[in-house]
Structure formats: structure tokens, C-alpha cells
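Numbered from 1 within each chain, the chains take letters A, B, ... in sequence-line order.
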Amino acid sequence: MATAVDPSQLDSQTGNERWLRMYRRMFTIRTFEEQVNDLYTRALMPGLAHLYIGEEAVAVGICEALAPDDYITSTHRGHGHCLAKGAAPDRMFAELLGKEAGYCKGKGGSMHIADPATGNLGANAIVGGSAGIATGAAFTAKRLKTGQVSVCFFGEGALGQGSLYEVMNMASLWKLPVIYVCENNLYNEYTHYSEVTAGDILARGTAFGLAGESVDGQDVRAVHAAARKLVARARAGEGPAMLLANTYRYYGHHVGDVSRDYYRSKQEEQQWKAERDPIQILSDWLCGQKIADRARLDEIQAEVKAQIDQAVEFATRSRYPNVDQVEQDVYAGE
Amino acid sequence: MATAVDPSQLDSQTGNERWLRMYRRMFTIRTFEEQVNDLYTRALMPGLAHLYIGEEAVAVGICEALAPDDYITSTHRGHGHCLAKGAAPDRMFAELLGKEAGYCKGKGGSMHIADPATGNLGANAIVGGSAGIATGAAFTAKRLKTGQVSVCFFGEGALGQGSLYEVMNMASLWKLPVIYVCENNLYNEYTHYSEVTAGDILARGTAFGLAGESVDGQDVRAVHAAARKLVARARAGEGPAMLLANTYRYYGHHVGDVSRDYYRSKQEEQQWKAERDPIQILSDWLCGQKIADRARLDEIQAEVKAQIDQAVEFATRSRYPNVDQVEQDVYAGE
Amino acid sequence: MPANNGRELTLAQAVREALAEEMRRDSRVFILGEDIAEAGHPFKVLTGLVEEFGAERVLDTPISEAGFTGVAVGAAMTGLRPVVDIMFGDFVTLIMDQMVNQAAKVHYMSGGKWRVPMVLRTTLGATRRSAAQHSQSLHAWFCHIPGLKVVLPSTPYDAKGLLKTAIRDENPVAFFEDKMMYRLKGPVPEEEYTIPLGAADIKREGTDITIVATSSMVQVALGAAKLLEEAAISAEVIDPRTLWPLDEKTLINSARKTSRVIVMDEGYGRYGVAAEIASVISEGAFFDLEAPVKRLGAMHVPIPFSPPLEDATVPTEQSVFEAARAMCG
Amino acid sequence: MPANNGRELTLAQAVREALAEEMRRDSRVFILGEDIAEAGHPFKVLTGLVEEFGAERVLDTPISEAGFTGVAVGAAMTGLRPVVDIMFGDFVTLIMDQMVNQAAKVHYMSGGKWRVPMVLRTTLGATRRSAAQHSQSLHAWFCHIPGLKVVLPSTPYDAKGLLKTAIRDENPVAFFEDKMMYRLKGPVPEEEYTIPLGAADIKREGTDITIVATSSMVQVALGAAKLLEEAAISAEVIDPRTLWPLDEKTLINSARKTSRVIVMDEGYGRYGVAAEIASVISEGAFFDLEAPVKRLGAMHVPIPFSPPLEDATVPTEQSVFEAARAMCG
Ligand SMILES: Cc1ncc(C[n+]2csc(CCOP(=O)(O)OP(=O)(O)O)c2C)c(N)n1
Ligand SMILES: Cc1ncc(C[n+]2csc(CCOP(=O)(O)OP(=O)(O)O)c2C)c(N)n1
Ligand SMILES: [Mg+2]
Ligand SMILES: [Mg+2]
């Protein structure tokens with residue numbers, strides 16, 4: 001089932017601009033997250049956050065294969081998905097700080113960024129909690145014949161949630177345009193996935209009749225190629241798929257998880273960063289193909305950094321919601 | 001994965017007595033159930049009951065491969081499993097009538113027969129509700145090194161319950177001695193299973209690392225052979241398995257489901273009864289092998305009928321629990 | 001109530017008619033659940049709908065309560081109006097995450113951006129000899145959760161009017177139907193009508209004692225009121241109809257008038273719906289009450305199968321009559 | 001309380017010590033949950049247990065709450081004594097079927113034959129800036145279900161003594177720990193002790209008003225009591241400690257003595273725990289009450305992330321002080 005896709009096949013269709021846009025997005029996510037970590041460390045951010053750094057190629061490669069009105073659902077580790085789908089960093093930061101200008105007026109926070117304008121049905125702090133929602137969105141798309149596709153991002157930990165298989169079964173029966181993207185970053189919090197995951201991951205999808213595909217999640221071109229194929233298939237009414245993206249998170253499970261020796265080695269972390277960094281892999285390729293030179297990439301980096309700085313500034317300065325907001329938005333239409 | 005097992009290989013080990021015992025058990029189940037239907041039709045039984053007639057070979061073939069202290073969990077369609085595991089018809093009937101002499105003092109009824117003495121952890125009226133319990137019993141057996149095996153009976157409808165896959169994963173990770181027996185009788189209540197079940201049934205187990213086997217559920221010898229193999233495997237510490245038994249229920253989903261035309265044809269029913277009846281298949285083989293002649297089988301039938309008549313008599317005559325019973329047994333040890 | 005010209009429907013028919021009307025009115029409305037298409041649901045509440053609206057809008061699901069409730073949440077967010085059918089109220093245990101952590105919170109967590117206009121229809125009620133896993137009335141759990149609305153109709157008329165409103169509501173609404181009441185007949189006019197959520201209904205006026213009753217207990221309360229009348233006690237029977245929003249004013253006003261209150265609900269007696277209603281009344285009518293508010297619910301036991309035991313678990317006309325007489329004595 | 005020789009533990013340490021002692025005493029006791037072995041649980045409550053008892057008895061599970069709770073039910077029935085760890089109380093939404101339709105009913109449905117001696121440990125409490133899916137206090141659901149017992153400790157001493165009793169109980173017990181209290185220190189003696197289920201504790205004696213408070217709210221009540229003292233109002237603070245069984249007598253006696261009662265609980269305010277306690281007191285102390293029982297719970301809203309909003313959702317010392325003063329004024 002897990003057929004390899006040759007990314008170069010797609011190059012002519014996608015064009016250089018697209019690869020540069022992906023570079024910018026990936027770098028935006030990384031810079032955004034570094035700022036989150038910084039804000040947390042300086043005790044400027046309430047609560048916790050789960051950083052996506054290291055996994056940027058997955059969100060970006062997939063969301064670049066989606067139309068603006070296609071749907072995604074995201075997870076507790078959701079900043080990358082939201083940004084890749086088009087969220088603005090300033091309103092993201094505002095949400096993370098609990099400010100009124102945030103995507104959810106400060107009511108959601110890091111784990112609940114949602115935004116109808118970019119097709120973001122919401123990050124979700126219940127592991128596996130959004131699989132039904134993503135499937136339901138695909139149901140609507142099929143029923144109303146809108147041509148939209150729905151992508152459900154989840155960590156490999158969500159493979160433990162039975163409801164995932166319940167909705168995969170329905171998606172398969174009803175041929176819904178939904179793609180279940182399993183981001184296997186090797187860890188469920190502080191436990192290696194192999195200690196809690198029996199059998200074969202992809203077979204868990206194909207057993208329910210889904211198309212299955214597995215991909216190097218550090219190579220945005222590979223991710224994008226697989227995504228394009230599965231999205232086209234779903235849009236054409238050929239049914240749901242499961243995409244397994246193998247990846248790695250560089251930081252802790254959340255910003256406060258700094259002593260990680262008891263569950264993984266520094267060496268392992270170093271090796272991923274040195275050899276499998278998604279931004280490095282893409283820069284190397286861009287330069288190798290002469291699509292961009294180092295100077296152009298530096299320019300992009302500088303632009304992104306400036307944008308992120310401004311976004312933090314915006315969020316820090318903006319105000320908290322008024323306390324009377326607390327009882328609003330409990331019920332719609334009231 | 002679904003390797004065929006040659007039942008004749010086991011004949012020498014099992015012996016003629018065993019086949020005759022299975023014949024008696026299967027006929028006991030059928031006669032018991034016919035009486036249930038009769039009691040219901042005569043408005044002598046409170047509530048409803050789900051008849052197992054047609055599926056007798058599954059429960060009997062499997063329970064004959066179990067030791068008395070091995071565990072089973074059962075379903076809403078549970079009379080067959082309970083009887084096959086050794087329950088006495090008189091106390092079963094008493095339970096079905098809500099009498100104090102019943103297995104559960106009348107508190108459980110048809111869907112909740114439970115009996116520690118025969119390793120019966122309980123029938124369960126929540127579809128898929130007992131998968132965790134059966135797995136937990138296997139966990140205890142492994143932890144306490146008792147050598148017991150646990151069998152979880154469920155209808156193919158329970159394939160829709162995600163928690164089934166959650167516990168299969170754990171059973172596989174922890175190599176628990178549990179066998180998940182899927183009784184595919186083609187219908188979830190009034191809906192053909194193919195309308196609600198995508199992909200491949202056995203693959204749903206093997207994807208989680210279980211051994212998988214599929215068997216003709218109308219042939220008690222085939223069922224028994226497969227069960228012996230998987231039970232031996234589990235007992236030896238080689239891990240869990242899924243056994244798919246293809247079968248058919250002759251009657252309605254429950255005793256009140258008499259007009260079935262809208263979901264299945266009379267012809268289909270007739271064909272199974274005429275060509276695939278488990279008791280007929282076994283009688284033919286017993287006579288063909290000269291293990292018994294028709295007279296011997298008639299003798300067994302007469303004995304069983306007498307026993308069942310007595311059991312009904314016992315249950316009908318015995319008394320209801322006293323009303324003050326209602327508040328007892330809510331909490332143990334009080 | 002509009003004139004009804006003598007037309008009577010059963011509660012099951014009223015529910016079906018509400019669904020059919022709303023499905024005709026709004027093509028976004030659809031139903032999903034187990035055995036609801038050709039089978040028309042085991043309780044035959046949905047007979048005929050698949051023939052009129054097709055299998056796309058009356059959708060047989062796998063036995064995956066959590067899964068298809070989740071699908072409904074996503075469908076509701078993206079433009080459809082799902083009505084989820086959970087065959088027995090006991091199975092809501094399987095969908096609490098989707099109802100409570102998802103449906104109830106999506107609107108709030110998104111700062112008011114996403115909406116979840118869906119209805120969960122399920123059953124409550126014992127005395128069908130169905131034992132502990134098919135007899136529960138678990139609506140109290142839903143009442144406890146902000147973001148959900150909870151409806152318990154007690155007549156065909158109310159069932160139809162409230163269900164239509166629930167389907168048009170912009171929020172997740174849990175709608176509980178008493179299994180034993182499906183055959184109960186009552187007047188239902190031909191003309192279209194709806195009933196707002198949050199409006200209690202005085203099912204019978206009285207002056208000596210107020211009996212607040214929900215769902216199945218309303219008929220029991222009305223029966224008890226008749227017995228009380230013979231004993232020269234005038235009982236007022238009030239049905240809150242929706243437990244959230246709760247029409248506190250009507251309840252409190254009645255309590256002030258009669259000064260004695262019994263609250264009845266078929267859920268387990270402890271930590272149940274009656275406790276909230278009793279508290280609201282005790283707070284709001286404190287200085288007018290002659291006696292403590294009395295709660296009558298199901299016993300605090302799993303529902304037993306055996307008929308004489310099961311019958312002992314729920315309030316009866318006689319037990320309510322006696323409780324009321326003792327309070328007024 | 002046995003003499004404690006000045007030893008103090010945090011609530012987290014007290015829980016860990018209770019578990020370790022019971023695991024030493026009884027080899028059938030084991031714990032299962034997510035990230036509880038080497039990681040010792042995200043809240044570090046279980047640190048060191050896997051080192052002492054091994055991975056067989058401190059078992060890391062997949063993220064399968066329904067599944068491993070079911071495994072625990074079966075293990076409990078067949079001779080082990082599982083302690084199930086559900087990381088956040090919000091995730092109990094996923095295990096209600098196993099807890100309510102299985103664990104709570106197995107003993108009754110089997111006519112008293114099978115038993116389910118298991119403990120569900122989980123958390124409650126807001127104000128950690130964790131937003132709506134990681135801040136709930138859903139214990140009211142469990143209190144509503146016959147067959148379950150429900151424990152909410154408010155001090156390290158109580159946590160240890162109650163948890164040991166819960167583990168030895170023959171029934172499924174749900175044990176809720178307030179996340180914010182894990183670091184709270186309090187005296188815990190070296191010698192072994194247990195605390196019976198069903199015995200409320202008077203945390204502070206007083207004569208003018210009774211404040212019944214659970215879990216996290218006990219500290220708030222005690223703080224409010226100090227403020228009240230300065231205003232010359234003597235508050236009695238009572239912690240029921242177990243919500244089922246409920247020590248109605250102690251609550252009612254205190255209400256009779258003081259004639260004014262506030263009930264505080266961190267669950268959602270509507271249809272919550274405070275309603276039952278208020279009803280019990282209103283019934284039992286009706287003729288002694290000078291004012292309606294006042295309930296103070298979490299607001300009826302999903303818990304918001306934004307700090308100023310979240311802080312507004314739960315009662316504070318100040319708000320309790322003001323409510324009490326108004327009642328006594
Ligand atoms: C139902 C549920 N159980 C447990 C948790 C606590 N939890 C949060 S993240 C996490 C691990 C998730 O691992 P994975 O799905 O692999 O995602 P990753 O963090 O690696 O991106 C756990 C157990 C939760 N949020 N929801
Ligand atoms: C969780 C749950 N959902 C729905 C039901 C209602 N129900 C009872 S039996 C049944 C069909 C079961 O089909 P299957 O598992 O194939 O068993 P069979 O009746 O064919 O033996 C359904 C839907 C239930 N009891 N539990
Ligand atoms: Mg992971
Ligand atoms: Mg079936």
C-alpha cells in the first residue's frame with residue numbers, strides 16, 4: 001500500500017514560487033515557535049504550549065496541497081497547522097496570551113485556535129478528539145457537493161483512541177473526502193510510541209478500507225507530493241486515505257519539558273537536528289537546484305523575523321478581554 | 001493469515017465422547033431457546049430475548065476447547081455462550097423469568113447472565129461492552145500466572161465500537177491470553193453488516209498484531225479445531241488472537257422481530273436452515289463416521305428435552321425475589 | 001395551543017412529524033443513527049422517513065455512537081443540521097466526549113466563531129423489563145454542562161413543538177424521549193407551531209401543592225393529582241419541559257402560591273435533576289414554603305430486571321399521592 | 001488524627017505514599033495509565049513507584065482511556081485491585097461506559113456475585129490556564145450513579161487516609177484530586193492510618209454560618225472564614241470528604257446549629273454537587289434555617305483560557321466572604 005511518490009514528478013506543476021512559499025511558511029512556524037518558547041521562559045505566556053519545531057514540513061507540505069476553503073482539524077500541538085493553513089501570527093500570539101484580539105478572543109488559547117476564514121475547524125486538546133469533526137466536515141462537503149477536502153492532523157498517540165477507527169470506517173463506507181494525517185514524532189508525551197502501539201500503523205487504516213501512504217515527514221517535497229495525490233483522489237470522490245508522516249519534535253512535549261533524558265537521548269535529538277532538519281533539507285535542495293541562493297533565503301528569513309517581532313509586539317500590547325466577556329459565547333444566537 | 005485448519009487432525013485427540021457431548025450441548029441450546037421463544041409468545045416471559053438458534057456450533061466448539069475455569073464474556077445474544085460454558089438450564093430459565101433462583105437473583109435477566117462458578121464474567125447488553133472485561137481477565141491470568149485463557153464473544157456489530165481496537169492493541173502489546181471471537185451472523189439488528197462494515201474484518205485484528213483465523217461457524221468441528229489451536233497458543237504465552245466465525249441466526253434479532261422481510265428474505269433463511277444447520281451437519285458426520293446412530297442421537301434429544309421441560313417447570317414454579325431485595329447488592333461488602 | 005380539531009397523535013408520531021416537517025423545510029437537516037432507515041428505528045419512531053427523504057438524509061450508521069456523534073459535530077459546524085439518534089439513553093455513556101468536550105464547547109472556545117447546531121435525540125425511562133443497561137435516565141449529566149440545552153417533552157404536543165425548535169436552535173440540544181410514552185396519544189393540531197425552549201407549562205392548575213414533574217413523571221403527577229382531588233387537595237402540576245434553559249420564574253411563582261412542592265424526575269434520585277429544581281425553588285420561594293421541598297426520583301440502584309423489583313424503583317401515582325397528602329396534612 | 005511529630009507532606013506526596021503502602025501491603029494492587037511509569041505522571045505524583053514496584057505494576061498504557069478502564073474492570077473482577085489513572089478529569093468523558101454501564105453495575109446485575117474493587121484516580125480544578133478541555137470538575141456525574149463511591153480529599157492527611165480506604169474497598173471508587181492542591185503541604189503522621197468513607201470532617205468550628213466545601217474549595221472556605229472572623233462572624237467549615245456515601249447527619253447538624261449555610265464546589269454550578277447537598281440540608285434542617293442555602297460553584301460557562309476571564313469563573317475567598325456577610329447581616 002505504501003507506494004513511494006517521486007516528488008520530482010510534481011516539480012513542473014508546482015513551480016519555484018511554491019517551494020519558496022513553503023520555505024517561508026516553514027521558517028515562519030519555526031520562528032513563531034521560538035518566540036513562544038521565549039515568551040514562556042520569560043513567564044510572559046499563561047499556561048503551556050506544545051512546540052511543533054522539527055515537524056514543519058508535514059503541516060506545510062500538506063496545507064500547500066489544500067485550497068483556502070478546504071478544512072483542517074488540528075491538535076494540542078497545533079500552531080504549525082494553523083499557520084500553514086494561513087493564520088496570521090499576530091492574532092495567533094494574541095490568542096496565546098489570552099488577549100481579546102486573538103483568534104478566539106482569548107477564550108481558547110494555544111490548544112484551541114480556530115478560524116473559519118482559513119478553514120480551520122479548530123485545534124483540539126483531546127487526543128483524537130477532532131477525528132469525528134474532520135470526518136463530519138468531509139460529510140458536509142460530499143453532501144453539499146462543494147468539492148472541499150478535509151484533513152485531520154493527529155499525533156501517533158491518537159492511534160490509541162478507538163473513535164479514530166469508528167470514523168475511518170464511516171469515511172470509507174461513505175467515500176468521504178477526508179485524509180487522516182498521522183504525525184509520528186516517535187513519542188506520546190514521555191513514552192516511546194513503540195511501547196504502546198502494536199502491529200502496523202498503516203495497516204490500521206487500510207484494514208478499514210482506506211488508501212494508505214507513508215512518507216518522510218522531514219522532506220516537504222515528499223510530503224507535498226503525497227498530499228497532492230491523496231487530495232486529488234479525495235476530491236475526485238475516490239474516498240478517504242491515511243497518510244503516515246514520520247517526523248520528530250525537537251523540543252519537549254510542552255515548553256516546560258526540559259529534562260528529557262529519562263525518555264530520550266540528547267544524541268537522538270542531535271542526530272535529527274543535524275541530519276533531518278526539514279528547513280535545512282529544503283534549503284539545500286533550493287540552493288542545489290539554483291531556485292534560490294543563500295542571500296535570497298536570508299532575505300526571506302529576515303522578513304519573517306520582522307513579521308514575527310511585530311506580531312509579538314502587537315499581542316503584548318493588545319488588551320485582555322473585559323471580564324463581562326466570560327458569560328458570552330456560551331450559547332450561539334443569544 | 002486466515003489459515004485453514006483440518007479438523008480431522010484433531011479427531012484422535014478429542015475422541016468420540018467429546019463429539020457426542022458437543023452434540024448434546026448444541027441440542028440443549030436449541031431446545032432451551034425454542035422454549036424461550038415459546039414462553040415469550042405465551043406472554044410468560046418479561047422483556048425480550050435474543051435467540052442464538054443457528055449459531056450453536058460457535059459457542060459449543062469454542063467452549064469445548066476451554067477449561068472450566070477459563071473465562072468468557074458474552075453478549076445480549078448470550079444464552080448459547082452461557083450454556084456452552086456449563087450453565088444449568090433451570091437457573092437460566094429462572095433468571096429469564098426474573099426469579100430469585102436465577103443466576104443473578106432475577107436482577108440481571110436474559111442479557112446479564114453471569115456465573116463465577118463456570119468462569120462466566122457476564123453477558124453484556126452494551127455492544128462491545130465486554131471487550132475490556134475479557135481483556136482484563138486475561139491480564140489477571142497472565143499477571144497471576146494462572147494459565148487461564150479468556151474468550152470474548154461478540155457479534156460483528158461490535159466491530160463498530162472503537163474500544164474493541166483499544167483493547168486489542170493492549171492485548172497484543174502485553175501478549176495477553178485472550179481470544180476475540182467475532183460471530184458474524186450477517187446482521188446488526190436489522191441492517192446487513194456489509195452496509196456498515198468497510199474493509200476486511202480479519203485485517204482489523206491483524207493490524208493490531210493479533211493472530212487471525214476465520215472459520216465456518218456452522219461446522220462445530222472446524223470451530224473446535226481453530227479454537228483448540230488458538231487457546232493452546234494463548235495458554236503458551238504466544239499472545240491474543242481474533243477468530244472470525246461465519247454464522248447465521250435463524251430467528252429475529254429478538255423474539256419480537258417476526259416480520260423480517262424488509263431486511264432479509266425468507267429464501268435466505270430457508271437456505272441456511274436447510275443447507276448449513278450446525279446440528280444437522282454434526283449429526284450427518286456422527287452417523288457417517290458411525291460414532292453414533294440415529295437411535296443414539298434420538299435418545300440424547302429425548303434426554304435433553306426432558307431436562308429442559310423440568311428446567312422450565314422449576315423456573316415457572318419458583319418465586320420472585322422479595323421487594324426488599326431491590327436495594328441489596330448495589331455495593332459489595334455492605 | 002392552536003385549535004386541534006380533534007386530531008390526535010402518539011408521541012412517536014409527533015416526533016416523526018416534527019422531523020419530517022423540519023426536513024421538508026430545511027434540506028440541511030438529516031438524521032443519523034443505527035437501524036433508522038428501512039427499519040425505522042427499533043421503536044418504529046422513524047418509520048417512513050427514509051422513503052420520503054432517501055438514504056442520504058436518513059442514514060444507517062455502524063454501531064459507533066462516539067464516532068457518528070463526532071461526525072455530526074463536524075457536519076453541524078460546516079453547514080448541515082444533524083439529528084443524532086442514540087437508540088437507548090444508556091448509550092450516551094459512549095458519546096460524552098463528543099457532546100461535552102466538543103459540541104458544547106466549540107462555540108465558546110472559538111470565541112463565538114464556530115457553531116454546532118445539532119440535536120441529540122435519545123430515550124429515558126424504566127419499567128420495560130430491560131434491565132440495568134437499557135433503562136437509565138441520564139439527562140442530569142447533560143443539564144450539568146454549559147453549552148448544551150436539554151429538553152424533556154411529556155406530551156405529543158410538546159414533543160412536536162419542542163423538537164422543531166430544537167432543530168432550529170443554533171446550539172447542541174439533547175432531547176430525551178420516554179420509551180413508555182411513545183404510544184401515549186394526545187392532541188396535535190394540523191397547523192404548524194413551535195414551542196420556545198425555556199418556557200415551563202402548567203399542566204394542571206391547583207392551589208394547595210405544586211408538583212414539578214418531568215417527562216414520564218408528568219403523567220404520574222397528573223394521576224396523583226386526581227387522587228389528591230378526591231382527598232380535597234388541589235395540586236398544581238408543572239412541567240419545566242426544558243431543563244436548560246430552566247424557567248425558574250414559573251416554578252418559583254407556583255411554589256410561592258401553594259407553599260408546598262414535590263419535584264419528580266425519573267433519573268436516579270441522588271445528585272439528580274430534582275436537586276437542582278428543589279434548590280432553585282428553596283432559594284426563590286424560601287419565605288413562602290411551609291415544608292421542605294420533597295424530591296421523588298428513581299431509587300439509587302441500578303435498574304433491576306425482575307418485574308416486582310423494577311416496579312419498586314420508580315415513583316407511582318400512589319406513592320406521590322401519599323407523599324403529597326402527608327405534606328398537606 | 002494520630003500524632004504527626006511535625007511531619008509534613010504535599011498532597012502529591014501523600015497520594016504517592018498511600019499508593020506505595022497499599023502496593024507493599026497487597027500484591028494485587030497495581031496502577032495503569034498514561035505516562036505513569038518512568039515519567040511518573042505529568043504532575044509527578046507517581047515518581048519513584050515504577051522503580052520500587054516494576055513495570056508490571058506501574059503500567060504505561062496507550063492513550064486509550066476507555067480501553068484501559070475496561071481492562072481494569074475485568075482485572076478487578078478476576079482478583080486484582082487496579083488503580084486507574086486518568087490524567088485530566090476532563091477525559092472521564094471517554095470512560096463513562098466502562099465506569100457506569102460496567103463497573104458500577106456488575107455487582108448488582110450479577111446478583112451480588114462479581115465484584116469490581118477498583119479505584120479511578122483523576123483530577124479536577126481550574127485556574128491553571130489550561131482552557132476548557134483541561135479544567136473541568138466532572139465529579140457530579142459519578143455522584144449520580146448508584147454503584148459508585150466518590151471521594152474528594154482536601155488535605156494531604158485526608159488524601160492519604162481516604163485513598164488507602166478506597167483501594168481496600170470492594171467497590172469502584174472515583175477519587176478526584178485537585179491539580180492546584182498537589183503542592184499544598186499538611187501534616188501526615190508516620191504511622192499508618194485510614195479514614196472511613198462516609199465521614200465528613202469539620203475543618204473549623206463556628207456558630208454563625210456553615211460553609212460546606214469540597215476539595216479545592218475547602219481552602220477557599222477556610223480563607224473566607226478568617227476574613228469573616230475579622231468581621232465578627234464565626235464560620236464553621238465542613239468538608240464532606242466523600243460525596244457518596246454522604247455524611248448527611250454531620251451536615252444537617254451543623255446547619256441546625258448555625259441556621260445559615262453556603263455550599264461550595266468547583267464543578268459547574270448548575271445541576272451540580274452543591275444542589276444535592278443544599279437539598280439534603282434544606283430537607284433536614286428546614287425549620288432551623290434563617291435563610292435559603294446558598295450555592296457557590298463554578299460559573300455555568302466552559303472554562304476560558306484568558307487569565308482574567310478564568311479567574312472570574314471560580315469562587316474566591318472574597319466572594320465567599322461577601323456572600324456570607326450578606327447572609328448574616
Ligand atoms: C484523550 C486524551 N488523553 C490524554 C491526553 C493528554 N495528552 C496530551 S498530549 C498527549 C500525547 C499525545 O501524543 P501524540 O498524539 O503522539 O502527539 P504529540 O504530542 O507527539 O504531537 C497526551 C497523552 C489528552 N490530551 N487527551
Ligand atoms: C453500544 C450499543 N449500541 C447499540 C445497541 C443496540 N443493539 C443491541 S444488539 C445490536 C446489534 C448487534 O449486532 P451484532 O453485534 O452483530 O450482534 P447480533 O445481534 O447479530 O448477535 C444493537 C445495535 C447496544 N445494545 N449497545
Ligand atoms: Mg507523538
Ligand atoms: Mg450480527
Side-chain angles (χ1 to χ4, degrees), chain A residues 1-2 126-132 135 138-139 142 152 154 156-176 178 180 182 184 188 191-212 214 238-242 244, chain B residues 1-2 126-132 135 138-139 142 152 154 156-176 178 180 182 184 188 191-212 214 238-242 244:
Chain A
M1 261 305 188
I126 301 296
V127 166
S130 70
T135 310
F139 182 89
K142 173 158 185 174
C152 174
F154 62 98
E156 85 294 342
L159 294 167
Q161 291 289 321
S163 55
L164 179 66
Y165 308 103
E166 298 188 4
V167 299
M168 282 181 170
N169 183 44
M170 284 181 268
S172 184
L173 286 167
W174 303 336
K175 286 205 164 220
L176 302 182
V178 53
Y180 301 94
C182 177
N184 184 1
N188 299 191
T191 302
H192 196 271
Y193 87 99
S194 60
E195 293 173 38
V196 290
T197 318
D200 177 63
I201 293 181
L202 257 193
R204 294 184 179 197
T206 57
F208 291 86
L210 270 62
S214 134
E238 290 164 36
M242 175 168 175
L244 171 60
Chain B
M1 261 303 190
I126 302 296
V127 167
S130 71
T135 310
F139 182 89
K142 175 159 183 174
C152 175
F154 62 97
E156 85 293 342
L159 293 167
Q161 291 289 321
S163 56
L164 178 67
Y165 308 103
E166 298 188 4
V167 299
M168 282 181 171
N169 184 44
M170 284 181 268
S172 183
L173 286 166
W174 303 336
K175 286 208 163 216
L176 302 182
V178 53
Y180 302 94
C182 178
N184 184 2
N188 299 193
T191 302
H192 196 271
Y193 86 99
S194 60
E195 293 172 39
V196 289
T197 317
D200 177 62
I201 293 182
L202 257 193
R204 294 185 179 196
T206 58
F208 291 86
L210 270 61
S214 132
E238 289 164 36
M242 176 168 173
L244 171 60

Listed partners of B/A131 passing side-chain contact (heavy atoms from CB on, under 4.5 Å), at least two apart: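 B/A131 satisfies side-chain contact (heavy atoms from CB on, under 4.5 Å) with B/C152, B/L164, B/V167 once adjacent residues are dropped.
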
Which heavy atom of B/A207 sits nearest a heavy atom of A/A207, and at what distance?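 In this case the closest contact between B/A207 and A/A207 is CB-CB, 4.3 Å.
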
So between chain A and chain B, what donor-acceptor pairs come in under 3.5 Å?
from   : atom 1 : to     : atom 2 : distance (Å)
A/G162 : N      : B/E166 : OE2    : 2.6
A/E166 : OE2    : B/G162 : N      : 2.6
A/N169 : OD1    : B/A198 : N      : 2.8
A/N169 : OD1    : B/R204 : NH2    : 2.7
A/N169 : ND2    : B/V196 : O      : 3.0
A/V196 : O      : B/N169 : ND2    : 3.0
A/A198 : N      : B/N169 : OD1    : 2.8
A/D200 : N      : B/A207 : O      : 3.0
A/R204 : NH2    : B/N169 : OD1    : 2.7
A/A207 : O      : B/D200 : N      : 3.0

Among B/L173, B/L159, B/I201, single out the residue with the greatest number of heavy-atom pairs under 4.5 Å to chain A.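 The option with the most such pairs is B/L173.
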
